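Fair warning: this is a prediction, and the values are worked out from it, not measured in the lab. Basis for what follows: all heavy atoms, side chains included, without hydrogens, waters or symmetry-related copies. Residue numbers count from 1 along this sequence.
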Amino acid sequence: MRIVGFDPFKDRASRTVRNTLSEMLRACLGRREVFSGVPAAWRQLYPQPPYAAYIRDRVDRYRAATSEALSADDSPVARAAILWRHGLYFEAHEVLEPHWQAASGEEREGLQGLIQAAGVYVHQEAGQEEASVRLARKAVDRLRRYGDAIGGCQTMGIETLVEELEEVMVSSRGGRHASR
């Protein structure tokens, strides 16, 4: 979901809001709890649009995603797949990154492809079509070559993801591909 005026690539406050919320989500996932929201005092720091709209949107999606995660496999790939289904691409990237850093060989390459794929949709949300297409090319290449090496790759639906990324590459409009 693109919220007009919310741009973590160009606006420091947007970046702070996005990153702080993502950290709250990761902590909640680590505790295996349903996301309860952000402290009122923190919300008061960003009461104006577009920040308030972004916070409301993320809190709703975080609640749904963490509720789903309670009954799912605890692996980073399974968590990322849940976040992906809720259109939480930046957050999926954040969940995958530590796993990627600890991985090696073909699994590491495959995870990098997933992280790049998440970046495609993050760039699309920001209206950065050229960047999303460039990243889609890289992600498709890696996922074709190494996607099967990712532990739990079935939960991400790599083949479908590659097809969606190919659509991004041929369409200058790209579009948002949230669900699988």
- Task: Please examine the side chains of Val17 and Leu45, heavy atoms only from C-beta on, and report whether any two atoms are closer than 4.5 Å.
- Result: no
- Message: Keeping Arg61 on the side-chain end and Gly87 on the backbone end, is there a donor-acceptor pair under 3.5 Å?
- Response: yes
- Message: Is the shortest side-chain heavy-atom distance between Leu143 and Leu165 below 4.5 Å?
- Response: yes
- Going by the ring-ring contact (aromatic ring centres under 6.0 Å, His included) test, which pairs reach into residues 7-37, not counting sequence neighbours? Phe9-His123, Phe35-Tyr62
- Message: If I take atom CD from residue Glu109 and atom CD1 from residue Ile150, how far apart are they, to the nearest 0.5 angstrom?
- Response: 10.5 Å
- Kindly give the heavy-atom pair with the smallest separation between Leu111 and Ala103, and that separation in Å. CD1-CB, 3.8 Å
- More than 12 heavy atoms of other residues, nucleotides or ligands under 6.0 Å from CG of Asp148: is that the case? no
- Message: Quick one, Ser132 and Val168 - any side-chain contact, counting heavy atoms below 4.5 Å?
- Response: yes
- Are Tyr121 and Ile82 connected in the hydrophobic side-chain network, where two residues link if heavy atoms are under 4.5 Å apart? no
- If you draw a 6.0 Å radius around CD in Gln48, do more than 12 non-hydrogen atoms from other residues or ligands fall strictly inside? yes
- Query: So do the side chains of Leu25 and Glu94 get within less than 4.5 Å of each other, counting heavy atoms only?
  - Reply: no
- Taking all heavy atoms of Leu29 and all of Ala69, pick out the closest pair and write down the distance. CD2-CB, 3.8 Å
- Apply side-chain contact (heavy atoms from CB on, under 4.5 Å) to Trp84 and Thr155, showing your working. CA-CA 11 Å; Trp84 203 286; Thr155 60; over 6 Å; no
- Message: Taking CZ in Arg12 as the centre, count heavy atoms belonging to other residues, nucleotides or ligands within less than 6.0 Å. Is the count above 12?
- Response: no
- Message: Under a 3.5 Å distance rule, please check whether Arg63 uses its side chain to pair with a backbone N or O of Ser36 as donor and acceptor.
- Response: yes
- Arg145/Glu106 ion pair, N-O < 4.0 Å: no
- Query: Under a 4.0 Å N-O cut-off, is there an ion pair linking Arg26 with Glu91?
  - Reply: no
- Item | Close side-chain approach of His93 and Val122, heavy atoms under 4.5 Å | no
- Message: Restricting to non-hydrogen atoms, name the atom on Ala80 and the atom on Val95 that form the minimum distance, rounded to 0.1 Å.
- Response: N-CG1, 4.3 Å
- Do the side chains of Leu70 and Val77 join up, straight or via other hydrophobic residues, at under 4.5 Å, putting them in one cluster? no
- Tightest non-hydrogen contact, residues Pro8 and Ser14, listed as N-CB, 3.6 Å
- Verdict with supporting geometry, Met24 and Leu21, side-chain contact (heavy atoms from CB on, under 4.5 Å): CA-CA 5 Å; Met24 290 177 185; Leu21 287 173; 4.1 Å; yes
- Item | Distance in Å, Met169 CE paired with Lys138 NZ, rounded so as to fall on 0.5 Å steps | 13.0 Å
- Closest heavy-atom pair and its distance - Arg43, Val38: CG-CG2, 3.0 Å
- Message: Against Tyr54, only a single residue in Tyr46, Phe6, Phe90 fulfils ring pair (Phe, Tyr, Trp, His ring centres under 6.0 Å); can you say which?
- Response: Phe6
- Message: Using side-chain contact (heavy atoms from CB on, under 4.5 Å), reason through Tyr89 and Leu83 one step at a time and then give a plain yes or no.
- Response: CA-CA 7 Å; Tyr89 308 111; Leu83 297 173; over 6 Å; no
- Message: Please say yes or no: joined through hydrophobic side-chain contacts below 4.5 Å, possibly via intermediate residues, are Ile158 and Trp100 part of one cluster?
- Response: yes
- What are the two closest non-hydrogen atoms of Ala65 and Leu88, and how far apart are they? CB-CD1, 4.1 Å
- Query: Any side-chain heavy-atom pair from Glu33 and Thr66 closer than 4.5 angstrom?
  - Reply: no
- Item | side-chain contact (heavy atoms from CB on, under 4.5 Å) between Ile55 and Arg58, worked out | CA-CA 5 Å; Ile55 292 167; Arg58 283 310 202 246; 6.0 Å; no
- Message: With heavy-atom distances below 4.5 Å as the criterion, would you say the side chains of Gln112 and Arg108 are in contact?
- Response: no
- Heavy-atom side-chain contact between Asp141 and Arg137 under 4.5 Å: no
- Message: If the threshold is 4.0 Å, N to carboxylate O, is there a salt bridge linking Asp11 and Arg15?
- Response: no
- Query: Looking at CG of Leu114 and NE2 of His99, how far apart are the two atoms once the value is rounded to the nearest 0.5 Å?
  - Reply: 9.0 Å
- Ser22 side chain to Arg18 backbone, donor-acceptor under 3.5 Å: no
